[in-house]
J.: 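So that we are looking at the same thing, I have put the structure below in structure tokens.
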There are 2 protein chains.
Amino acid sequence: MEKLDRRILELLARDGRMSYTDIGKETGLSTSAAQQRVRRLEQRGVIKGYRATLDSNELGLLVTAFVAIKPFDPSQPDDAPDRLQHLPEIISCYSVAGDPSYLLKVQVPTMADLEAVLAKIRASAKVSTHTTTVLSTPYEDRPQL
Amino acid sequence: MEKLDRRILELLARDGRMSYTDIGKETGLSTSAAQQRVRRLEQRGVIKGYRATLDSNELGLLVTAFVAIKPFDPSQPDDAPDRLQHLPEIISCYSVAGDPSYLLKVQVPTMADLEAVLAKIRASAKVSTHTTTVLSTPYEDRPQL
DNA sequence: CCTGAAAACACATGTCA
DNA sequence: TGACATGTGTTTTCAGG
């Protein structure tokens with residue numbers, strides 16, 4: 001019944017606070033059966049966690065940008081992610097194939113903050129940066145189911 | 001007491017299933033006071049929703065890529081986001097400043113699926129695509145607090 | 001923002017197929 | 001191993017102040 005687990009994941013991806021009772025109703029399972037399946041999905045790591053999704057603008061994070069970085073010296077060991085981890089403005093870090101070595105997603109209150117973060121990125125990771133600023137976000141993080 | 005709301009948002013961003021009782025304990029509020037603040041944050045749209053975060057690999061989504069798109073004919077009306085919305089493989093869509101007009105994040109099971117989605121993107125939105133494939137993801141979607 | 005009580009829910013245990 | 005029933009303790013929810 002792998003189908004049932006998919007259905008449960010879809011429900012929780014859309015509403016992370018859905019009760020086991022409601023999951024049971026939607027899937028035709030009893031409350032405890034639903035709970036058991038969810039617990040297994042959590043233990044297997046399929047469900048990594050739960051979070052509230054917040055409105056960046058309401059939080060005062062008005063500027064979003066993608067920053068592609070390239071090491072100054074490609075012969076050096078590449079530990080950019082470690083070196084950049086301490087910057088909370090970096091929301092995501094992807095290692096990519098292609099010209100840049102990493103692609104970062106950055107969120108800050110103002111353009112001035114972006115400038116400051118870019119300077120920190122260059123200094124911390126010894127990289128050059130190529131920044132693409134986001135004008136608007138038609139949609140983001142749609143559930144993968 | 002704007003400080004309290006920030007704290008609540010931080011807690012819920014990290015654990016979207018935290019109970020109002022526990023939020024109260026962490027913030028020094030009673031259960032119902034905590035619940036009331038959360039409800040207001042939801043109504044104001046600061047909290048947009050709750051979701052389980054899933055492991056893409058476990059779901060069989062082994063390929064992630066960023067796709068920059070450019071319209072074939074820049075004189076035409078630009079409704080790419082609308083035209084692409086129906087493709088569930090597109091997780092996020094950002095309107096960006098710079099050479100491409102949009103940046104898409106795409107997730108699919110295999111490279112063959114990526115190829116298929118790129119064809120659909122080009123056909124649906126009448127754009128050219130420039131794809132950057134993700135090799136690994138050191139970190140992603142860190143809480144903005 | 002708190003109290004308090006009723007309803008809903010979570011969750012451990014035990015049973016059955 | 002997976003589904004279910006039941007019982008106990010929490011949590012949610014909605015009065016009221």
Side-chain angles (χ1 to χ4, degrees), chain A residues 1-61 109 140-145, chain B residues 1-62 88 107 109-110 140-145:
Chain A
M1 296 292 167
E2 171 65 27
K3 219 44 170 292
L4 268 182
D5 283 337
R6 287 263 165 187
R7 180 100 188 86
I8 289 174
L9 292 172
E10 187 181 341
L11 291 168
L12 283 173
R14 294 188 146 73
D15 177 7
R17 291 197 77 126
M18 182 175 285
S19 75
Y20 302 128
T21 307
D22 287 346
I23 294 172
K25 281 178 190 160
E26 287 289 330
T27 54
L29 292 170
S30 72
T31 301
S32 35
Q35 184 184 14
Q36 222 171 112
R37 276 181 182 269
V38 171
R39 199 157 41 80
R40 274 189 200 132
L41 290 166
E42 287 168 356
Q43 283 172 356
R44 279 176 47 199
V46 184
I47 295 175
K48 292 192 291 186
Y50 302 87
R51 35 178 58 182
T53 63
L54 309 179
D55 187 304
S56 304
N57 289 346
E58 292 281 351
L59 293 177
L61 298 171
E140 188 173 26
D141 293 333
R142 302 201 293 182
Q144 306 127 26
L145 293 166
Chain B
M1 295 292 168
E2 172 65 25
K3 220 41 172 292
L4 269 182
D5 284 337
R6 285 263 164 190
R7 179 101 188 84
I8 290 174
L9 291 173
E10 186 180 344
L11 291 168
L12 283 174
R14 294 188 146 73
D15 177 7
R17 293 197 74 127
M18 181 175 286
S19 74
Y20 303 128
T21 308
D22 287 345
I23 293 171
K25 281 178 190 161
E26 288 289 330
T27 54
L29 292 170
S30 73
T31 301
S32 31
Q35 183 188 14
Q36 217 170 116
R37 278 178 182 272
V38 172
R39 202 158 41 79
R40 277 196 197 121
L41 290 166
E42 288 168 354
Q43 283 171 356
R44 277 178 47 200
V46 184
I47 296 175
K48 291 193 292 185
Y50 302 87
R51 34 177 59 183
T53 63
L54 310 180
D55 186 305
S56 303
N57 289 347
E58 292 280 352
L59 293 178
L61 298 172
L62 305 173
Q107 263 186 341
T110 69
E140 188 173 27
D141 293 331
R142 302 202 293 183
Q144 307 128 27
L145 295 164

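Remember, predicted model here, so these are calculated numbers, not experimental data.
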J.: Under the rule for side chain to side chain contact (heavy atoms under 4.5 Å, CB included), what residues qualify as partners of Pro88(B), not counting sequence neighbours?
T.: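 Side chain to side chain contact (heavy atoms under 4.5 Å, CB included) check on Pro88(B) returns nothing, list empty.
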J.: Would you tabulate the nitrogen or oxygen pairs shorter than 3.5 Å linking the protein to nucleotides 8-11 of chain C?
T.:
residue: dA10(C); atom: OP2; partner: Tyr20(A); partner atom: N; Å: 3.2
residue: dC11(C); atom: OP2; partner: Gln35(A); partner atom: NE2; Å: 3.1
residue: dC11(C); atom: O5'; partner: Gln35(A); partner atom: NE2; Å: 3.4

J.: For Leu29(A), is there any backbone N or O sitting under 3.5 Å from a side-chain donor or acceptor partner on Arg37(A)?
T.: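 Flag not set: sc Arg37(A) to bb Leu29(A) has no pair under 3.5 Å.
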J.: Which residues pass the side-chain hydrogen bond (donor to acceptor under 3.5 Å, both in side chains) test with Ser19(A), sequence neighbours left out?
T.: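 Testing Ser19(A) for side-chain hydrogen bond (donor to acceptor under 3.5 Å, both in side chains), a comparison that skips the adjacent residues, returns none.
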J.: So which atom in Ala13(B) and which in Leu54(A) form the shortest heavy-atom distance, rounded to 0.1 Å?
T.: CB-CD1, 4.1 Å
J.: Can you find a side chain N or O atom of Arg40(A) that sits less than 4.0 Å from OP1 or OP2 on dT1(D)?
T.: no
J.: Going by number, which of residues 45-53 of chain A have a non-hydrogen atom under 4.0 Å from DNA chain D?
T.: none
J.: Quick one: list whatever passes side chain to side chain contact (heavy atoms under 4.5 Å, CB included) with Gln35(A), sequence neighbours left out.
T.: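 Side chain to side chain contact (heavy atoms under 4.5 Å, CB included) check on Gln35(A) returns Tyr20(A).
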J.: Sequence neighbours excluded, which residues qualify as side chain to side chain contact (heavy atoms under 4.5 Å, CB included) partners of Arg7(A)?
T.: Glu10(A), Leu11(A), Glu26(A), Thr27(A)
J.: Looking at dT12(D), I'd like to know if its phosphate oxygens (OP1 or OP2) sit under 4.0 Å from a side-chain N or O belonging to Arg39(B).
T.: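 Answer is no, no contact under 4.0 Å.
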J.: Holding to side-chain hydrogen bond (donor to acceptor under 3.5 Å, both in side chains), I want the full list of residues that pass it with Ser56(A), two or more places apart in sequence or in another chain.
T.: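 Per chain and number, Ser56(A) pairs via side-chain hydrogen bond (donor to acceptor under 3.5 Å, both in side chains) with Gln107(A).
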J.: Suppose the criterion is side chain to side chain donor-acceptor pair (under 3.5 Å): which pairs have a residue in residues 39-50 of chain B, not counting sequence neighbours?
T.: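 Non-adjacent pairs meeting side chain to side chain donor-acceptor pair (under 3.5 Å): Gln36(B)-Arg40(B), Glu42(B)-Tyr50(B).
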J.: Donor-acceptor pair, Arg17(B) side chain versus Met18(A) backbone, under 3.5 Å?
T.: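 It does hold such a pair.
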J.: To the nearest 0.5 Å, what is the distance between CD1 on Ile23(A) and CG on Leu4(A)?
T.: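 It comes to 11.5 Å.
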J.: When the nearest nucleotide of DNA chain D is assigned to Gln36(A) and to Gln36(B) on a heavy-atom basis, which residue is associated with the more 5' position?
T.: Gln36(A)
J.: Take the C1' atoms of the five end pairs on each side of the helix from dC1(C)-dG17(D) to dA17(C)-dT1(D), get both axes, and report the angle to 10 degrees.
T.: 30°
J.: Measure from CG on Leu4(A) to C1' on dT1(D) and round the result to the nearest Å.
T.: 15 Å
